Amino acid sequence: MAKNDLRKKVLTLRKSLSINEVEEKSTLVLSNLLTLAAYQYAGTLMTYVDFQNEVGTKKLIDESLKRDKRVAVPFTDVANCRLIPSLLQHSWTELVPGTWGILEPAPDRLHPLKPEDLDLVVVPGIAFDFKGNRLGYGGGFYDRFLPQTRPDTVILALAFEFQIYPEICNRPHDYRMHFVVTEKRIIKCGLLKK
């Protein structure tokens with residue numbers, strides 16, 4: 001299936017979920033994530049902030065802060081086509097609608113971290129396969145950002161089970177996930193080497 005067709009198909013399925021379904025499935029995804037050693041040992045992580053029926057991340061942010069982890073969220077610098085990890089001080093509630101309406105730090109309240117400071121990055125996406133290939137939203141922000149992290153930084157995606165496909169075409173600059181966590185399982189996609 002062509003990438004644009006797959007995007008439309010999965011986004012339509014995601015939009016059809018009720019708020020309750022998103023919350024119930026997201027709670028199961030979070031439960032699976034919390035069992036993962038890569039999460040447990042991460043001192044500093046960056047996670048996307050959910051938008052338009054993505055797997056919810058606000059409970060992940062709150063839980064991570066309770067566990068004394070340093071939590072960053074991405075600020076989208078559209079002019080320079082880059083993501084800037086910004087450290088949260090207290091809660092996701094300090095965020096404001098930013099690029100495309102996604103919650104992010106206000107430009108005057110950034111607390112930037114270097115990409116190499118991150119032990120774990122939680123990545124959004126539309127569809128994933130068992131090798132860790134990802135179909136994103138088409139902007140390339142994460143594919144440009146992830147190579148700046150350390151070789152031992154764990155890259156994982158949160159997804160609903162219907163977002164998993166047997167194979168997604170991967171281009172050379174597309175960045176692969178180490179894990180994909182769904183409401184039903186944890187998919188280990190390969191060795192933790194870049």
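Because the structure is a prediction, the values reported are computed rather than measured.
Rounded to the nearest 0.5 Å, atoms CG (Leu156) and CD1 (Ile187) are 11.5 Å apart. Arg176 CZ to Leu146 CG: the interatomic distance, rounded to the nearest 0.5 Å, is 13.5 Å. Note that CG of Asp62 and OG of Ser91 are 5.0 Å apart. Values are rounded to the nearest 0.5 Å. From Phe141, atom CZ reaches atom OG1 of Thr76 across 6.0 Å, with rounding to the nearest 0.5 Å. If you take CG on Leu95 and CD1 on Ile61, they are separated by 6.5 Å, rounding to the nearest 0.5 Å. Atom NZ of Lys114 is separated from atom OG1 of Thr44 by 13.0 Å, given to the nearest 0.5 angstrom.
Listed by chain and number, the residues in a salt bridge (charged side-chain N to carboxylate O under 4.0 Å, His left out) with Asp77 are Arg82 (sequence neighbours excluded). Under the side chain to side chain donor-acceptor pair (under 3.5 Å) criterion, Ser31 pairs with no residue, sequence neighbours left out. Partners of Thr182 according to the side chain to side chain donor-acceptor pair (under 3.5 Å) rule, which considers only residues two or more places apart in sequence or in another chain, are Glu161. The salt bridge (charged side-chain N to carboxylate O under 4.0 Å, His left out) check on Asp117 picks up nothing, with sequence neighbours excluded. Residues forming a salt bridge (charged side-chain N to carboxylate O under 4.0 Å, His left out) with Asp50 (at least two apart in sequence, or on another chain): Lys58.
The salt bridge (Lys or Arg N to Asp or Glu O under 4.0 Å) pairs that include a residue from residues 19-32 are Glu23-Lys59, Lys25-Glu183, where partners are two or more places apart or lie in different chains.
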**OP:** Take Leu120 and Tyr41 through the side chain to side chain contact (heavy atoms under 4.5 Å, CB included) test and state the conclusion after the steps.
**Re:** CA-CA 9 Å; Leu120 175 71; Tyr41 292 118; over 6 Å; no

Subject >> Pair Leu33-Glu63, side chain to side chain contact (heavy atoms under 4.5 Å, CB included): steps then yes or no >> reply: CA-CA 11 Å; Leu33 174 59; Glu63 181 63 27; over 6 Å; no

Subject >> Tyr48 and Ile102: CA distance, side-chain angles, deciding distance, side chain to side chain contact (heavy atoms under 4.5 Å, CB included) verdict >> reply: CA-CA 9 Å; Tyr48 70 91; Ile102 300 168; over 6 Å; no

Original post:
Under the salt bridge (charged side-chain N to carboxylate O under 4.0 Å, His left out) criterion, do Asp152 and Arg150 qualify, and how do the steps go?
Top reply: CA-CA 5 Å; Asp152 65 336; Arg150 297 189 319 263; 2.7 Å; yes

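Side chain of Ser86 to main chain of His111: a donor-acceptor pair is present (N/O by atom type, distance under 3.5 Å, no hydrogens or angles). With hydrogens and angles ignored, the 3.5 Å screen pairs no side-chain donor or acceptor of Asp129 with any backbone N or O of Tyr165. Between the Gln163 side chain and the Ile126 main chain, a donor and an acceptor come within less than 3.5 Å of each other. At least one donor-acceptor pair closer than 3.5 Å links the side chain of Glu94 to the backbone N or O of Gln89.
In this structure the side chain of Arg134 reaches within 4.5 angstrom of the side chain of Asp143, judged on heavy atoms. With contacts defined as side-chain heavy-atom distances shorter than 4.5 Å, the pair Pro97/Leu103 qualifies. For the pair Val154 and Phe179, the minimum side-chain heavy-atom distance is below 4.5 Å. Residues Phe128 and Val123 have side chains not in contact (no heavy-atom distance under 4.5 Å, counting atoms from C-beta outward). Residues Tyr175 and Val121 are not in side-chain contact: their nearest non-hydrogen atoms beyond the backbone lie 4.5 Å or more apart. Between Met46 and Pro74 there is a side-chain heavy-atom pair separated by less than 4.5 Å.
Shortest non-hydrogen contact noted between Pro105 and Val96 is C-CG2, 4.3 Å. Contact record, Gln40 with Lys69: O-NZ, 3.1 Å, taken as the closest heavy-atom pair. In terms of heavy-atom proximity, Ser64 sits nearest to Tyr39 at OG-OH, 2.8 Å. Residues Thr35 and Asn32 approach most closely at OG1-O, 2.6 Å, considering heavy atoms. When all heavy atoms of Arg7 and Gly136 are compared, the closest pair comes out as NE-O, 2.8 Å. Looking at every heavy atom in both residues, Ile164 comes nearest to Ala159 through CD1-CB, 4.3 Å.
In the hydrophobic cluster analysis, where Ile, Leu, Val, Met, Phe, Trp and Tyr join through side-chain heavy atoms closer than 4.5 angstrom, Phe75 is grouped apart from Val71. Under a hydrophobic-cluster definition in which Ile, Leu, Val, Met, Phe, Trp and Tyr are linked whenever side-chain heavy atoms come within less than 4.5 Å, directly or via other members, Val29 and Trp92 are assigned to the same cluster. The cluster map of Ile, Leu, Val, Met, Phe, Trp and Tyr, joined by side-chain heavy atoms under 4.5 Å apart, puts Leu28 and Leu158 in different clusters. A chain of hydrophobic side-chain contacts below 4.5 Å, direct or via other Ile, Leu, Val, Met, Phe, Trp or Tyr residues, connects Val22 to Val55.
For Arg109, the CZ atom counts as loosely surrounded, since its 6.0 Å shell holds 12 or fewer non-hydrogen atoms of other residues, nucleotides or ligands.
With a 6.0 Å cutoff to the six-membered ring centre and a 45° limit on the axis angle, Arg144 does not count as a cation-pi contact of Tyr142.
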